[in-house]
Every structure is written in C-alpha cells, then in structure tokens.
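This chain uses plain numbering: 1 for the first residue, then up along the sequence.
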Amino acid sequence: MISSYEILDDDQGHELSLFCVPKHYEEDLDSVIIPNGLIKDRTERLARDIVRDMGGHHIVALCVLKGGYKFFADLMDYIKALNQNSDKSVPLTVDFIRLKSYSNDQSTNCVKVIGGDEFLLVKRTPRSSGYRPDYIGFEVPDKFLVGYALDYNEYFRDLSHICILSDRAKEKYKV
C-alpha cells in the first residue's frame, strides 16, 4: 500500500516568520509548505519502509540531480544507519543522472536526461501521466516549490524548508 503525506491543494503553507529563512529570500517566498523537520522525519520513515520491504535484496538507488541531491543524501544516510544498527541489512549501490525540464516556472514538456547512456525522454503530456511510484514522501499541490535543493533558475537550493515561490520572485529571477 502506497502511503504519503498529502498536502491539500488549498493549503497556503506556514508564515515565513515562524522559520529560519535566509534574509535574501524573505521577499521572494509566499510561505513554508513543508518544514525541514517534517522532511527529515518523513525521509526516515521512507528509509525504514524501503529496508523492510526489500527484505535483504540489493537496492540500486538512482539520484536525480540537482534537485534530488539533498533528499537522496538524507535517505541514503538513514538507510546506512539502519544497515549498521540492525540485524538485517540491504546491499546498496548508487548512481546519478541529471534532468532538465523547466524554463523559468514552465515545463518545457521535454525531459533531457544527462548521465546513464545520455538518452532523451519526452513527456506524453504536460501534466502527470498517472504513474505512481512505490514510495511517496509528500503529495503536494500544483504550485511552484523551491528549497531543500529544489530550485528556480538555480536559486533557492540553499533553503532548508520547501517553500512556495512568490510571483514576484518568478519575475525577479527569470532568465
């Protein structure tokens, strides 16, 4: 059974003043939608579920750079801790690819994959294809999110929380 933490479409997030946000981004964000502590706790739960479900089978973990590096590193750290501190462990290898699919805040409807065999993928539709992965951390509304390594034109990767990007920032950092 797939479980996830669902954030409703009408959720406006949390006031920025409740969290530590770099001063240079304060005017660029509408709110914090997923606080860092919640991200960490959910990631640890996913690691436990993965180790339990794999039953000792080899895990090949594929990190999607750049936006996925922070989550990937945290997930691998939790899996590594479980491997070191329990009677059961799973063999683990990692690999990396990089994707490019956005221009500013708009999907290009084309996903360029860099790494692996340098192949090119094209989305069938501009929206979701309906695919559901085996493990889901968060289901989020259709808003442009930044932070925790997610970016807008290479900015905002240094935020600890996942935040909703303001319309003002989309214009300010537009390429």
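Once rounded to the nearest 0.5 Å, the distance linking NZ of K66 with CG of L150 reads 13.0 Å. Expressed to the nearest 0.5 Å, how far CD1 of I162 lies from CZ of F138 amounts to 6.5 Å. To the nearest 0.5 Å, atoms CG (L75) and CD1 (I59) are separated by 8.5 Å. One distance of note links NZ of K143 with CD1 of I164; it measures 4.0 Å at 0.5 Å rounding. With rounding to the nearest 0.5 angstrom, the CG atom of D49 is 11.0 Å from the CD atom of E44. We find the CD1-OH distance between I39 and Y5 to be 11.5 Å, quoted to the nearest 0.5 Å.
At a threshold of 4.5 Å between non-hydrogen side-chain atoms, the residues N104 and Y152 count as touching. L92 has its side chain within reach of I79: a pair of non-hydrogen atoms, C-beta onward, lies under 4.5 Å apart. Side-chain contact check for L29 versus V146: some heavy-atom pair is nearer than 4.5 Å. Inter-residue side-chain proximity for L82 and R48 is flagged as met; some heavy-atom pair is nearer than 4.5 Å. K88 places none of its side-chain heavy atoms less than 4.5 Å from the side chain of V51. Looking only at side-chain heavy atoms (C-beta outward), F72 and L65 stay at 4.5 Å or farther from each other. With contacts defined as side-chain heavy-atom distances shorter than 4.5 Å, the pair R168/D28 qualifies.
Sorted by first then second residue, the side-chain hydrogen bond (donor to acceptor under 3.5 Å, both in side chains) pairs that include residues 68-77, not counting sequence neighbours, are K40-D74, D74-Y148.
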Quiz item: Passes side chain to side chain contact (heavy atoms under 4.5 Å, CB included), Y25 versus D158? Steps please.
Solution: CA-CA 10 Å; Y25 289 145; D158 54 331; 3.0 Å; yes
Quiz item: Do D53 and Y135 pass the side chain to side chain donor-acceptor pair (under 3.5 Å) test, and can you show the C-alpha distance, the side-chain angles, and the key distance before you say yes or no?
Solution: CA-CA 11 Å; D53 294 350; Y135 301 93; 2.8 Å; yes
Quiz item: Taking it one step at a time, do I33 and V140 satisfy side chain to side chain contact (heavy atoms under 4.5 Å, CB included)?
Solution: CA-CA 9 Å; I33 195 154; V140 297; 5.7 Å; no
Practice problem: Using the side chain to side chain donor-acceptor pair (under 3.5 Å) rule, take S31 and Q12 through it: C-alpha gap first, then chi angles, then the decisive distance, then the call. | Solution: CA-CA 7 Å; S31 62; Q12 298 303 310; over 6 Å; no
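Of all heavy-atom pairs spanning D105 and K170, the tightest one is OD2-CD, 3.1 Å. The nearest pair of heavy atoms linking L159 to G147 is CB-CA, 3.6 Å. Residues G56 and P91 approach most closely at O-CD, 3.4 Å, considering heavy atoms. Of all heavy-atom pairs spanning E27 and S166, the tightest one is O-OG, 3.9 Å. Nearest heavy atoms, S4 versus E139: OG-OE2, 2.8 Å. In plain terms, the two heavy atoms of P141 and I7 that are nearest each other are CD-O, 3.6 Å.
The environment of CD in E15 is sparse: at most 12 heavy-atom neighbours from other residues, nucleotides or ligands sit within 6.0 Å. Within a 6.0 Å radius of NE2 in H58, more than 12 heavy atoms belonging to other residues, nucleotides or ligands are found. Counting non-hydrogen atoms of neighbouring residues, nucleotides and ligands closer than 6.0 angstrom, the CD atom of E154 exceeds 12 such neighbours.
In the hydrophobic clustering of ILVMFWY residues, with side-chain heavy atoms under 4.5 Å counting as a link, M76 and M54 come out together. Under a hydrophobic-cluster definition in which Ile, Leu, Val, Met, Phe, Trp and Tyr are linked whenever side-chain heavy atoms come within less than 4.5 Å, directly or via other members, V175 and L165 are assigned to different clusters. Hydrophobic cluster membership differs between V60 and I50, with clusters built from Ile, Leu, Val, Met, Phe, Trp and Tyr side chains linked at under 4.5 angstrom.
Between the side chain of R45 and the main chain of G137, no donor-acceptor pair closer than 3.5 Å is present. Checked by atom type and distance alone, the side chain of D151 never pairs as donor or acceptor with a backbone atom of F156 at under 3.5 Å.
Here the two rings, on Y173 and Y155, have centers that are under 6.0 Å apart.
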